[in-house]
There are 2 protein chains.
Amino acid sequence: MRIKRETDYAIRCVNYLAMRHGQIAVIGDISKNAFVPRKFLAKILQKLARAGIVTSHRGVKGGFELARGPSLINFLEVIEAIQPVEMNVCALDDRLCALSDTCAVHPVWIEVREEVRRVLAKRNFAHIKTAGAGTGTG
Amino acid sequence: MRIKRETDYAIRCVNYLAMRHGQIAVIGDISKNAFVPRKFLAKILQKLARAGIVTSHRGVKGGFELARGPSLINFLEVIEAIQPVEMNVCALDDRLCALSDTCAVHPVWIEVREEVRRVLAKRNFAHIKTAGAGTGTG
DNA sequence: TCTAAACAAGACTTATTTAGTCCTCTTTTT
DNA sequence: AAAAAGAGGACTAAATAAGTCTTGTTTAGA
């Protein structure tokens with residue numbers, strides 16, 4: 001049970017922007033500092049922008065910045081900007097499992113999913129200790 | 001972020017054995033009732049047996065049964081018999097990410113992983129309401 | 001108003017993982 | 001010894017993940 005690499009990249013990217021909150025950063029800059037492949041990062045930033053987590057500026061002097069303060073952005077939203085937190089398919093959408101109606105385990109998956117989402121929602125980007133150099137992968 | 005189908009099958013399989021705790025069930029029987037492909041289920045049961053969750057009996061009159069009472073088996077162990085709970089790769093093993101040492105996000109993934117594991121460990125197979133017919137998928 | 005520096009977006013490609021099947025072997029009861 | 005189980009490795013196909021490529025649009029500034 002693992003997040004996608006893309007999601008890890010998104011978290012690191014947001015973390016980098018959080019460290020330089022207030023400044024506009026260009027894709028190439030974020031790419032180098034968060035160690036994310038440039039082209040791939042461009043896609044990720046688009047998703048974060050659509051989710052309202054970052055703001056993009058086009059044109060010469062363009063780039064990206066956080067849409068809000070780091071303390072107002074949590075892990076859950078960043079993750080869900082990239083991929084759903086499902087745990088089990090049925091917990092996200094009953095219709096994806098033919099047996100949900102009668103299944104005794106189904107309600108447990110629903111509960112588990114909600115608890116996990118709460119765990120993720122508790123962490124925001126002001127919580128992260130920017131101790132020293134670190135921007136690296138997790 | 002999702003468990004594998006195989007893991008879902010394992011949970012349903014253990015749940016079925018929990019419902020008929022005390023009896024030995026044959027693969028074909030479990031397969032029909034838990035709606036898991038027979039050959040695939042055989043593999044899953046091997047993993048559950050190696051993990052000490054079920055006991056296998058070979059030969060004629062053979063089959064499988066729970067190794068302990070349903071209240072003594074939790075979601076986490078069944079899941080981890082099939083796949084690790086990682087969240088992010090680095091949270092399972094630092095060495096899988098070159099940047100773990102300096103990464104500011106790394107410690108957060110470690111915490112999150114432990115909390116998620118606790119959430120899963122809280123659910124055991126006595127907790128599951130076997131209300132009516134239900135054995136279906138989640 | 002032209003140009004260069006940015007981002008936007010969809011199509012495409014490749015690698016990896018998942019979800020199984022198949023075949024052969026061993027064990028155990030009758 | 002025969003038949004009914006499980007054990008285990010090799011193999012395959014489908015799905016998903018991870019990225020690249022190409023072309024287009026926006027904007028600041030000379």
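Keep in mind it's a predicted model, so treat the numbers as computed, not measured. Chain identifiers are assigned alphabetically (A, B, ...) following the order of the sequence lines, protein sequences preceding nucleic acid strands; residue numbering begins at 1 within each chain.
Qualifying side chain to side chain contact (heavy atoms under 4.5 Å, CB included) partners for A:Ala49, counting only residues two or more places apart in sequence or in other chains: A:Val54. Applying the ring pair (Phe, Tyr, Trp, His ring centres under 6.0 Å) criterion to A:Phe125, with sequence neighbours excluded, gives A:Phe75.
Using a 4.0 Å heavy-atom criterion, one finds that B:Arg2 contacts no nucleic acid atom at all. B:Ile27 comes within contact range of the sugar-phosphate backbone alone, with a heavy-atom separation under 4.0 Å but no base atom that close.
Residue B:Tyr9 has a polar side-chain atom (N or O) positioned under 4.0 Å from OP1 or OP2 of C:dG20. Proximity of A:Ser56 to the phosphate of C:dA6: no side-chain N or O atom is located under 4.0 Å from OP1 or OP2. Distances shorter than 4.0 Å separate none of the side-chain N or O atoms of B:Arg38 from OP1 or OP2 on C:dT21.
When distances run from any side-chain atom of B:Lys39 to the nucleotides C:dT21, C:dA8, D:dA18, the shortest one goes to C:dT21. The side chain of B:Phe40 lies closest to C:dG20, out of C:dG20, C:dT28, C:dA9. Here C:dA19 is the nucleotide among C:dT29, D:dG8, C:dA19 with the atom lying nearest to any side-chain atom of B:Lys4.
The base of C:dA5 does not come close enough to the side chain of A:Lys61 for any donor and acceptor atom to sit less than 3.5 Å apart. Counting atom types as modelled, A:Arg58 pairs a side-chain N or O with a base atom of D:dT25 as donor and acceptor under 3.5 Å.
Remark on DNA chain D: of its neighbouring residues A:Lys43 and B:Gly63, the 5'-side contact belongs to B:Gly63, judged by nearest-heavy-atom nucleotide.
Under the 3.5 Å distance criterion, the side-chain polar atoms of A:Glu77 are matched with a main-chain donor or acceptor of A:Asn74.
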